[in-house]
Every structure is written in structure tokens, then in C-alpha cells.
Amino acid sequence: MTSSQEVAAHTDRSVKTSPSVADRWTRHRSSLLAVATIAVVAVIARFVFLDHRSEDYVDFYRRWYQFIEDNGGYRALRHQFSNYNVPYLYLLATTVWLKIPSLVAVKLIPIAFDVLLGWYVYRITRLRYPTGRLPLTAALVVVLLPTVVLNSSMWGQCDSGYAALAIGGLYHLMRGSSWTACALFGAAFAFKLQAVFLFPVLLLMVLRRKLPWQCLLAVPGMYLLLDVPALLLGAEPGKLLTVYLDQASLLHGEFIVTAPNAFQYLDSTPQALQTLGIVLTGVSVLGLVAAAVLRRPELTHLQLVLAAAVSALLVPFLLPNMHERYFYLADVLTVIAAFWLPRKLWFAPLLTQFASLFAYIPFLLLPYRLRDLTGNPDVVGGSGFAEPAPEAGWLASAIRLGPSPREVLARLFEPVISYQLLATALLIALIGTIAVGRRVLRRPPPAGPGPRPVGGG
């Protein structure tokens, strides 16, 4: 080969490889721009609520922050001072170490997860639309959902923590990264118990042999792994392993149900009905999973999205003693599902967001309702509750002074719109999503480009 031929051959190879390099750079640049856009929009939308002090902040989070600060930072985690699992407390202790003011710290943690949540929504939607602006649009819709914005910035709750990790697990399931997916589901479960609302999807995957059952070991494995730092600091193993049992014990009673679910149609919820609700939930989940397995679906990306949306709607709708925030995953997944099937599921996120948002409002109005109920103007200070709260907490103090806990809570959490109407909206969203899912499961997988079957590996 002559020198000129060698140059020509080298040039030809360069020309052939350059588009691939350029394409990779374009994808990376597109992803970086998406993350930046999601982060900027999320922070701007939440800025106006950052100085609001919710009841959960003044009665719980602020005290946990103070306890960590007073007891040696991370070393405070050897003590049992919170009913949250330790992953959240690690993050809270980190903000203490960084000397971030408590109110900002409590809001900053969930806002960071809001961004991660938006990123995974972007990645999942990009599997449906490899090009164009719809994936970024879906991510921005989610980070701008009223309940998502209010949950982190006004309420100071961190539901975006477990939700972002669980949605990340779903994304990696769709990509066939089984161990990564289960590890993320385990991290979500370690963050909050409500991650179990998506566990039926894992069961479906295992029964269809799209997910090796051994990968499920990563779920408890990640939970235990995240306990290790606290154990090294001197925390009691028994307390770490039973934290969710302690949380569940707080959910007993007839007067704290504020979720717009099936139990809103009942005048009372005695223990027998609560037990029946748990059994009905299990039977319904197993029945739907069995029906899906019998149809032998390929479990395409679309089918997994629909399965996750149904699971996130069904489980909290049927379980007793749910809080309004427990539809957080449903808020997010119905948006994702609507972007995958916009003509058939456009109604699902609208109805879900309507029900969730109006269930939130009594909690967001709590400082002002408590002030009016007690006649104590000192309850409100600036935006939200005043600091410091009484030793027992603002809400607990009001309950003790009232004629009965049930009566006080009924007045404080009186809905703006009937809980039964909100529950009906969620029921319609659930039934509609199940109906669409049944049709999709009957449909054979596409022969050409489109949603791909998910493999186990």
C-alpha cells in the first residue's frame, strides 16, 4: 500500500468513526442540559416556599436536627430519637456537619431528590421517545406537579427520596440491569416503607422469568448494607430492623386516615375492617399478577410502565390507614404512563393529581386552622408554625386540650373537597389504567421498532 493509500485509508476510518463519537458527545451534552434544566426549574419553583414551617418540621425534623447537633453529629445516630430509618438521618446529619440551617437543610434534602426523580423520569420517557423534547417535558411536568413541589418545599417531607430510587429501579428493570434495579429498590425500601407499593412489579418479573430470583436478594441486602454505618456508630440492631414495625404501630386507629382511598366510603374503620383491607389488598395484587402471568406477556417497556402505575394506584387505594402522601408514586407514574400512551391515559394524571392535591390542602392549612381552633395567635409565626413549638408539639398540645382527639382532628383536617369525591377520582384513574393495561397485555409485541421486551440478566 502506498503512502497516499495509507493516508486515504486512515482518513476513511476516521470519517466512519467520527459520527459515533459525535453522537456520544451529543447524547452526553443533551443529558447534561436536561439535568441542568430540571435542577434550575425545580429550585426556582420551590424557592417561594422555603421559609414555610410545617407541623412536621417544628414538631419533628427541627428536633431531630437539634438532637444530632447536640449529640456529636453522626455519633448521635447510635441513639433512638426518630421513627425514620437511618438513610434519611445520614443525610440530615451531613447537613448538620455542613452547618446548613435546619429549615434549609430539611428542604434541601428532598429538593435534591426531586432533581434525581426528574432525571429518571427523563430517562424512562427517552426509552419511548429517543429524540425530541418530550422526555424533558415529562421530567419538567413531574418536578412541577403541585404535590411534588409542595411535598418537598412547603411540607419538608422527603417522599421524593424513596420515589426517585424506586423510579430508578424501574428504569433499570426496563434496561435489563436486574441487579442494579433490585439494589435501587432496596435503597428505596430502606428510605421509606412505601417503596413496597412497586414490589408487585418485581413479582411479575420473577414469575415471567424476566428477572432472576437471585437478584431479589439485593433488596434486603441493600437495606442491611445501609444500616452498617449506624451499627458501627453503636446503634441497636433490633431497633434498626424493626423501625417499620414501630411506624406501623402509629397507624392504628380510626381517626387518622386522610388518604382518598376505599376506606373513605366507610363511616368507621374498626380493626376487623382494617384486617380485611389488608387481606383484600393481597388477594387483589396476587390476582392481577396471576392474570398478567397467564397472558404470558413479553413485558415490554410499555407493559412495565403500566404495571408500575397500576401497582402504585391499587395498593394504597385498598390498604387501611393510609396517609394522603402515599399516592406520591401514583402521582409520578401516571404522568409517565400518560406520556407513553397520551391518547389513552391522559386522564389518569389529571384525576390522580386532583385527588392528591386536595388531600394535601388540610395539612398545608394546619397552622392557621390550629390558630383559629385554639384562639392562640402565637401558633402562627411568619410563614407557617411559630418556633419553638411546645414540648409536646403544636398538634399534640391542641389534641390534649380538645374534647376528644377524634373531634379535634376532624376539625383540623376537614377536607376542602369531600374525601369520597377524591377517592372516586382515584378509583376512576385506577380502573381506567387497569383497562388500558389489559388491552396492552393482549396485544402481541411489535415486530419492528417500538417497546422492546425486557430480558433477565
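Note that this is a predicted model, so its numbers are computed, not measured.
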Could you tell me whether the side chain of Phe197 reaches within less than 4.5 Å of the side chain of Tyr328, counting heavy atoms only?
-> no
Donor-acceptor pair between Gln353 and Thr147 side chains, under 3.5 angstrom | yes
Does one side chain, of His172 or Thr180, offer a donor that lies under 3.5 Å from an acceptor on the other?
-> no
Separation between CG (Leu319) and CG (Leu280), nearest 0.5 Å, reads 9.5 Å
Applying side chain to side chain contact (heavy atoms under 4.5 Å, CB included), run through Ile167 and Leu333 and close with a yes or a no.
-> CA-CA 8 Å; Ile167 297 299; Leu333 282 162; 3.7 Å; yes
Hey, what do you get for CG (Leu370) to CG (Leu412), rounding to the nearest 0.5 Å?
-> 5.5 Å
Would you say the side-chain atoms of Glu55 pair up with the backbone N or O of Pro367, donor to acceptor, closer than 3.5 Å?
-> no
Measuring from Asp227:CG to Leu240:CG, what's the distance to the nearest 0.5 Å?
-> 4.5 Å
Check the pair Thr374, Val379 against side chain to side chain contact (heavy atoms under 4.5 Å, CB included), reporting the backbone distance first and the verdict last.
-> CA-CA 9 Å; Thr374 61; Val379 170; 3.9 Å; yes
How many angstroms lie between atom CZ of Arg128 and atom OG1 of Thr125, to the nearest 0.5 angstrom?
-> 10.5 Å
Taking all non-hydrogen atoms of both residues, which atom of Ala138 and which atom of Val335 are closest, and how far apart?
-> O-CG1, 4.4 Å
Neighbour count above 12 (heavy atom, 6.0 Å) for Tyr90 OH = yes
Would Glu298 and Lys210 pass as an ion pair if we require N to O under 4.0 Å?
-> yes
Hey, mind stepping through Ser284 and Leu318 against side chain to side chain contact (heavy atoms under 4.5 Å, CB included) and telling me if it holds?
-> CA-CA 9 Å; Ser284 299; Leu318 293 180; 3.6 Å; yes
Could you pull out the closest heavy-atom pair between Phe339 and Pro342, with the gap in Å?
-> O-CD, 3.6 Å
Judged by atom type as modelled, is there a donor-acceptor pair below 3.5 Å linking the side chain of Lys107 to the main-chain atoms of Gly156?
-> no
Could you go through the side chain to side chain contact (heavy atoms under 4.5 Å, CB included) check for Thr258 and Phe363 one step at a time?
-> CA-CA 10 Å; Thr258 53; Phe363 283 84; 3.7 Å; yes
Just by distance, do the side chain of Ser153 and the backbone of Val149 share a donor-acceptor pair under 3.5 Å?
-> yes
At their closest point, which heavy atom of Thr281 faces which heavy atom of Gly277, and how far apart are they?
-> OG1-O, 2.7 Å
When the side chains of residues 182-195 are checked against the rest of the protein, which donor-acceptor pairs come out under 3.5 Å, sequence neighbours left out?
from	atom 1	to	atom 2	distance (Å)
Lys192	NZ	Gln157	OE1	3.4
Lys192	NZ	Asp159	OD1	3.2

Indicate, with yes or no, if the rings of Trp64 and Phe67 have centres closer together than 6.0 Å.
-> no
Does the side-chain hydrogen bond (donor to acceptor under 3.5 Å, both in side chains) test come out yes or no for Tyr265 and Thr424, once each step is laid out?
-> CA-CA 9 Å; Tyr265 297 116; Thr424 302; 2.9 Å; yes
Would you say Arg325's side chain and Asn151's backbone share a donor-acceptor pair under 3.5 angstrom?
-> no
Below 6.0 angstrom between ring centroids: does that apply to Trp155 and Phe49?
-> no
Please name all residues satisfying salt bridge (charged side-chain N to carboxylate O under 4.0 Å, His left out) with Arg46, sequence neighbours left out, ordered by chain then number.
-> Asp114
Taking the side chain from Gln264 and the backbone from Ala423, do they hold a donor-acceptor pair closer than 3.5 Å?
-> no
Please name all residues satisfying ring-ring contact (aromatic ring centres under 6.0 Å, His included) with Phe354, sequence neighbours left out, ordered by chain then number.
-> Phe358
Would you say Leu91 and Phe113 make side-chain contact, with heavy atoms under 4.5 Å?
-> yes
Do other residues, nucleotides or ligands put more than 12 heavy atoms under 6.0 Å from Arg295 CZ?
-> yes
Distance-only polar pair, side chains of Tyr88 and Ser82, donor-acceptor under 3.5 Å = no
Find out whether Ile278 and Gln274 are in side-chain contact, i.e. whether some heavy atom of one side chain is under 4.5 Å from a heavy atom of the other.
-> no
Do the non-hydrogen side-chain atoms of Trp340 and Leu306 ever get within less than 4.5 Å of each other?
-> no
Would you indicate whether Gln80, at its atom CD, is surrounded by more than 12 heavy atoms from other residues, nucleotides or ligands within a distance under 6.0 Å?
-> yes
Flag the pair Arg369 / Leu373 as yes when at least one side-chain heavy-atom distance between them is below 4.5 Å, and no otherwise.
-> no
Closest contact, heavy atoms only, Ala166 versus Leu329 | CB-CD2, 4.4 Å
How far apart are the closest heavy atoms of Ser160 and Pro110, and which atoms are they?
-> OG-O, 2.9 Å
Does the side chain of Asn261 reach to within under 4.5 Å of the side chain of Leu427, using non-hydrogen atoms?
-> no
Between CZ on residue Arg438 and CG on residue Leu441, distance to nearest 0.5 Å = 9.5 Å
Between Leu345 and Gly432, the two heavy atoms sitting closest are CD2-O, 4.4 Å
Does some side-chain heavy atom of Leu341 sit less than 4.5 Å from a side-chain heavy atom of Val440?
-> yes
Non-hydrogen side-chain atoms of Leu211 and Leu173 separated by less than 4.5 Å = yes
Give a yes-or-no answer on whether the side chains of Thr352 and Asp331 include a donor-acceptor pair shorter than 3.5 Å.
-> no
Would you sort out whether Tyr61 and Tyr57 count as a ring pair (Phe, Tyr, Trp, His ring centres under 6.0 Å), showing the intermediate values?
-> CA-CA 5 Å; Tyr61 298 133; Tyr57 168 74; 7.4 Å; no
Spatial distance of atom OH (Tyr223) from atom CG (Leu241) [nearest 0.5 Å] = 6.0 Å
